[in-house]
Amino acid sequence: MEIASKYDPRSVEEKWYQFWIDKRLFHSEPDQRVPYTVVIPPPNVTGVLHMGHMLNNTIQDVLVRRARMQGKNACWVPGTDHASIATEAKVVKMLADKGIDKRSLSRDEFMKHAWEWKEQYGGIILKQLRRLGASCDWDRTAFTMDEVRYESVIRVFVDLYNKGLIYRGVRMVNWDPQALTAVSDEEVIYKETRGKLFYLRYHVEGEDKYIVVATTRPETIMGDTAVCVHPDDERYQWLKGKRVIVPGIGRAVPVIMDEYVDREFGTGALKITPAHDINDYNLGMKYGLESIDIFADNGTLNDNGGKYVGMDRFACRKQIIKDLEEAGLVEKVEDYTNKVGHSERTDAVIEPKLSAQWFMRMDGIAKKALQVVEDDTIRFHPAKFKNTYRHWLENIKDWCISRQLWWGQRIPAWYLDIDGRVEIIVALNEEEAKKTAAEKYNYTGTLRQDEDVLDTWFSSWLWPISLFDGIRNPGNPEIKYYYPTADLITAPDIIFFWVARMIMAGEEYMHDIPFRNVYFTGIVRDKLGRKMSKQLGNSPDPIELIEKYGADGVRMGMLLTAPAGNDLPFDEAICEQGRNFSNKLWNALRLVSGWQTGDIEQNAENAVSIQWMEQRMAQVLEEIERDFDQYRLSEALMAAYKLAWDDFCSCYLEIVKPAHGTPLDRETYQATLSIFSRLMLILHPFMPFVTEEIWHTLQTIGKTDQQADFLNANYSIMNQRMPASVLYDQRLLDQFDTAREIIAGVRNIRNTRGLSPKEPLAVHIRNSELRVQHLESIIRKLGNVSEITPVEEAPAGALQFIVGTAECYVPMSQNVDKGEELKKLQDDLKYHEGFLRSVIAKLSNEKFVSGAPAAVVEKERNKQRDAETKIAALKKQIDNLGS
RNA sequence: GGGAGUAUAGCUCAGCUGGUUCAGAGCGCCUGCCUUACAAGCAGGAGGUCACUGGUUCGAUCCCUGUUACUCCCACCA
């Protein structure tokens with residue numbers, strides 16, 4: 001059969017993914033096997049695949065595929081998140097592009113547009129995941145706003161409200177003036193921003209004096225209702241009980257004294273704007289100050305804005321300073337850098353704003369959520385994130401869960417006006433609400449539903465439960481079987497948003513943890529260490545990478561640079577390594593599939609090589625298992641990589657490879673196919689496509705077409721059992737290493753001497769304690785060695801090297817440069833003598849001999865013996881050369 | 001301002017409970033090879049005062065002090 005010398009991933013990947021789908025190999029149903037459940041961190045339904053997803057989903061797929069091959073019932077549930085703010089913003093923009101103003105639409109009309117948009121453009125990301133090879137159970141694809149999930153959210157809201165854990169209140173919230181909604185504390189990103197610090201003059205009422213107040217936000221002076229200084233500040237004692245005039249506005253406000261003020265900052269005097277700053281708000285409460293809200297929802301000045309009404313807050317800042325400067329009320333202006341809150345979703349500058357919102361109480365539930373992580377019921381990998389997690393939960397504040405948007409689960413609260421007061425009814429639906437209204441208040445009029453929707457995280461925190469319908473149907477067979485899930489793979493930046501809250505929901509609704517392990521991936525950065533972002537344009541398109549290197553290549557590239565929890569500087573070049581590896585495996589297949597077998601007896605070198613390769617595989621499997629236990633995926637992959645490339649291809653195949661045109665014995669051939677197949681199994685979780693392709697080819701070698709068709713149509717590598725480590729013989733492995741050292745020694749001589757690999761060389765070994773007689777034929781073959789003979793005396797005119805304590809000599813037909821050889825030997829001698837000295841020093845140290853454990857001392861003695869033998873050998877060689 | 005983490009070859013990182021056969025890996029680099037599986041390859045090789053400083057110890061890359069540099073998280077300093 002003719003196979004191309006370059007592996008072409010494209011057709012292979014498409015073929016096998018379709019095969020897996022057709023055979024429904026990703027689908028899971030509860031059965032007798034041990035479940036292995038993973039829920040995908042749902043990406044935004046509007047999103048497209050970026051490198052972070054690539055990494056995250058590659059890791060999930062590796063774990064899921066491995067679990068499946070270990071005989072577990074693997075279920076990886078995919079889905080998307082409705083992402084209210086982001087999606088609503090996109091829909092609004094789409095409508096605006098069509099000339100439709102959102103405000104001209106009714107809620108229902110808007111939702112219709114949004115759903116249409118979602119159906120048309122949403123979920124691209126899930127399709128892209130297939131290119132990566134993700135083995136998700138697509139039949140279970142969910143959406144945080146589909147029927148089951150929507151209803152689950154509503155039920156949970158009602159339940160928590162009835163338990164008294166959800167309440168409505170007027171609070172200072174983070175207002176996003178662009179999205180026109182409140183956002184939670186976690187959704188505010190504080191960024192270093194270069195601004196100015198303005199020093200403004202506040203004249204004292206009725207006197208010819210003024211004090212200077214520093215502020216970064218002069219546009220808020222219309223909302224000033226006090227000026228505050230520190231009670232112990234001697235500079236301002238005279239102000240006690242006085243009133244000052246807000247510059248440019250003319251309003252007189254009291255001077256209050258509170259220890260909150262930092263005397264060192266600015267002038268030590270602070271203006272108080274209770275409506276627009278959380279601290280000022282608190283002081284306002286404390287001193288009963290008036291609160292004047294001067295901003296409209298969109299960040300422009302409202303009717304309280306005097307002559308600046310309608311102006312944007314930032315335009316107003318400029319204008320007001322200009323006006324105050326003209327009025328001589330600005331003392332000075334300094335450059336100033338501070339942290340300004342920005343909206344995570346829209347990047348608009350957050351405006352603290354008083355408004356009525358829904359909150360969820362966090363104190364009680366947070367304690368339980370902390371406990372299960374503290375006691376390692378849930379394990380974090382790496383564990384350092386426990387600190388972050390603890391700190392947040394110990395300082396947690398109530399969660400603002402309402403959003404002033406339409407796209408999302410509408411808050412199931414209804415208002416009714418009775419006798420001038422407003423009552424709230426929280427119910428599963430309007431009918432229930434009406435019933436309650438009638439029963440409780442004897443009210444039969446119309447009810448007004450709350451306009452707001454819930455925070456998106458208020459649906460995704462239920463994800464591991466709601467995916468199996470565990471909220472609506474507690475105790476159903478699916479939730480019982482699949483919950484708790486096994487591993488959660490996510491980025492550390494959503495540890496609070498999502499991970500912590502899922503743990504809370506698990507405690508509240510399942511009385512159990514939602515997952516056993518959390519693997520925090522690093523953040524993918526570019527090779528300069530910058531975060532990948534659209535603005536910088538430094539994020540490669542994953543699909544293009546797949547086109548270029550193959551999905552297997554990209555997966556390997558991701559995994560090789562991704563130790564858990566460390567940020568990974570991603571360099572496209574590393575995908576090349578993955579592609580090259582695919583190609584290497586492919587060419588090994590080409591080699592093996594081209595071999596002919598014949599009725600010949602297996603020779604000794606093949607027999608022992610097979611033994612060795614089996615032992616080596618067992619040894620590496622042990623390493624890989626250990627790595628997986630510790631979630632060290634890149635190490636596991638590297639171990640498998642070296643096993644395949646260095647041991648299997650460079651060593652094993654080279655040994656058993658028959659000379660061109662000659663056949664191989666059947667026994668060795670079968671063993672080779674078997675080993676190769678198992679290698680594919682080991683690599684399959686990492687590189688699903690190329691391994692499936694090669695595995696199938698290997699299975700069909702020597703079969704009739706009919707048998708091959710049957711195999712190809714009915715079997716998949718995915719369902720094969722992952723090889724497990726077995727006991728192995730360390731001695732054989734060590735002996736092989738020695739043989740390889742001798743081979744390397746010979747090759748080295750060849751290389752440095754410029755000798756052709758085709759010219760056979762003889763090797764004489766002196767003082768040999770080496771037990772490599774049974775490996776001699778291998779040394780002959782790989783080193784192109786004509787003879788290996790033990791000698792008593794070092795032969796003249798030979799080059800030498802040392803393996804362990806054995807002296808190896810390679811006689812040269814051409815002249816040997818004695819000086820050069822001598823120098824090499826003397827350098828070597830010097831090193832070993834130094835080494836010996838340090839060992840002897842240690843051994844003659846009474847404290848060491850008595851203090852160190854016996855085994856360590858014994859080890860040192862061995863070192864001494866070895867070093868002495870080696871030194872003796874070197875001296876002899878030097879003597880020989882000299883004579 | 002508080003807290004956490006990291007500093008090991010040119011790059012990215014391993015080094016488990018302290019013991020020079022642990023100073024390692026991959027990539028990169030250098031040299032020589034188109035040896036009929038693979039130049040996306042083969043063979044060989046060279047790179048490191050384990051950030052700096054003191055200490056504990058018979059002995060420290062590994063433990064402790066401090067310094068420096070970088071990263072991340074949290075926080076209401078106008």
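Quick note: numbers below take in every heavy atom, side chains included, and nothing from hydrogens, waters or symmetry partners. Numbered from 1 within each chain, the chains take letters A, B, ... in sequence-line order.
Note on ring orientation: taking the six-membered ring where Trp is involved, the planes of W645(A) and Y641(A) are tilted (angle from 30° to 60°). Classification of the F496(A)-W392(A) ring pair by plane angle, with boundaries at 30° and 60°, yields parallel.
Heavy atoms of L270(A) sit under 4.0 angstrom from at least one base atom. Looking at heavy-atom distances under 4.0 Å, C649(A) makes contact with a base. Residue contacts for V261(A): at a heavy-atom cut-off of 4.0 Å it reaches a base atom on one of the strands shown. Across all strands, R747(A) comes closer than 4.0 Å only to sugar-phosphate atoms, never to a base (heavy-atom distances). Within the 4.0 angstrom heavy-atom criterion, no nucleotide atom of any strand lies near E394(A). Residue Y549(A) is classed as having no contact, given no heavy-atom separation below 4.0 Å to the nucleic acid. Within the 4.0 angstrom heavy-atom criterion, no nucleotide atom of any strand lies near S756(A). Counting non-hydrogen atoms under 4.0 angstrom, D277(A) reaches nothing in the nucleic acid. Within 4.0 Å of K397(A), counting heavy atoms only, lie sugar-phosphate atoms of the nucleic acid but no base atom. Nucleic acid contact for Y336(A): sugar-phosphate only, since backbone atoms but no base atoms lie under 4.0 Å from a heavy atom of the residue. Using a 4.0 Å heavy-atom distance criterion, H391(A) is classed as a sugar-phosphate-only contact. Within the nucleic acid shown, N583(A) comes within 4.0 Å of at least one base atom, counting heavy atoms only.
Nucleotide C74(B) holds its C1' atom 15 Å from the CG atom of D493(A), rounded to whole Å. Between the P atom of C16(B) and the CD atom of E622(A) lies a distance of 18 Å, rounded to the nearest Å. If you measure from atom CD of Q630(A) to atom P of A14(B), you get 12 Å, rounded to the nearest angstrom. In this structure, the CD atom of E219(A) is 12 Å from the C1' atom of A78(B), given to the nearest Å. Distance NE2 (H276(A)) to P (C76(B)): 19 Å, rounded to an integer number of Å. Rounded to a whole Å, the NZ atom of K642(A) is 5 Å from the C1' atom of A25(B).
Residue-to-nucleotide contacts include no donor-acceptor pair under 3.5 Å from the side chain of E654(A) to the base of A43(B).
Taking atom C1' in both A9(B) and C30(B), the straight-line distance is 15 Å, to the nearest Å. Going from the C1' atom of G48(B) to that of C33(B) covers 30 Å, rounded to whole Å. Going from the C1' atom of C22(B) to that of C50(B) covers 11 Å, rounded to whole Å. The separation of C34(B) from A25(B), taken at their C1' atoms, amounts to 29 Å, rounded to a whole angstrom. For the C1' atom pair drawn from U61(B) and C52(B), the interatomic distance equals 14 Å after rounding to whole Å. Comparing the P positions of C16(B) and G24(B) gives a spacing of 15 Å, expressed to the nearest Å.
In this entry G41(B) has C33(B) as its Watson-Crick or G-U wobble partner, both defining distances falling under 3.5 Å. With both pairing distances under 3.5 Å, U56(B) is matched to nothing as a Watson-Crick or G-U wobble pair. Base pairing of U12(B) is made with A25(B), judged by Watson-Crick or G-U wobble geometry with both donor-acceptor distances under 3.5 Å. Base pairing of A69(B): its partner is U6(B), meeting the Watson-Crick or G-U wobble criterion (both donor-acceptor distances under 3.5 Å). Pair check for U49(B) finds none; no Watson-Crick or G-U wobble contact set falls under 3.5 Å.
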Donor-acceptor list for residues 656-663 of chain A side chains, cut-off 3.5 Å, not counting sequence neighbours:
unit_1: K657(A); atom_1: NZ; unit_2: E654(A); atom_2: OE1; d: 3.4
unit_1: T662(A); atom_1: OG1; unit_2: A659(A); atom_2: N; d: 3.2
unit_1: T662(A); atom_1: OG1; unit_2: A659(A); atom_2: O; d: 2.6

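At the phosphate of C27(B), OP1 or OP2 sits under 4.0 Å from a side-chain N or O atom of Y641(A). Residue K339(A) has no polar side-chain atom (N or O) positioned under 4.0 Å from OP1 or OP2 of A78(B). When the side-chain nitrogen and oxygen atoms of W645(A) are compared with OP1 and OP2 of C42(B), one or more of them lie within a distance under 4.0 Å. For R750(A), no side-chain nitrogen or oxygen approaches OP1 or OP2 of G45(B) to under 4.0 Å. When the side-chain nitrogen and oxygen atoms of K584(A) are compared with OP1 and OP2 of C42(B), one or more of them lie within a distance under 4.0 Å. For G41(B), the OP1/OP2 oxygens have a side-chain nitrogen or oxygen of N580(A) closer than 4.0 Å.
Nearer to the 5' terminus of RNA chain B, by closest-nucleotide assignment, is the contact made by N387(A) (compared with the other of N395(A) and N387(A)). Residues E635(A) and T752(A) both approach RNA chain B. Their nearest nucleotides, taken by heavy-atom distance, put E635(A) toward the 5′ side.
For the residue pair N282(A) / Y260(A), no side-chain donor-acceptor distance below 3.5 Å is found, with atom types taken as modelled. Inspection of the Y549(A) and S582(A) side chains reveals no N or O donor paired with an N or O acceptor under 3.5 Å. When only modelled atom types and interatomic distance are considered, S184(A) and E187(A) share a side-chain donor-acceptor pair under 3.5 Å.
Closest contact between the side chain of D262(A) and the listed nucleotides C76(B), A78(B), A40(B) involves A78(B).
For Y287(A), the ring pair (Phe, Tyr, Trp, His ring centres under 6.0 Å) test picks out no residue, with sequence neighbours left out.
F520(A) approaches V499(A) most closely through the heavy-atom pair CE2-CG2, 4.2 Å.
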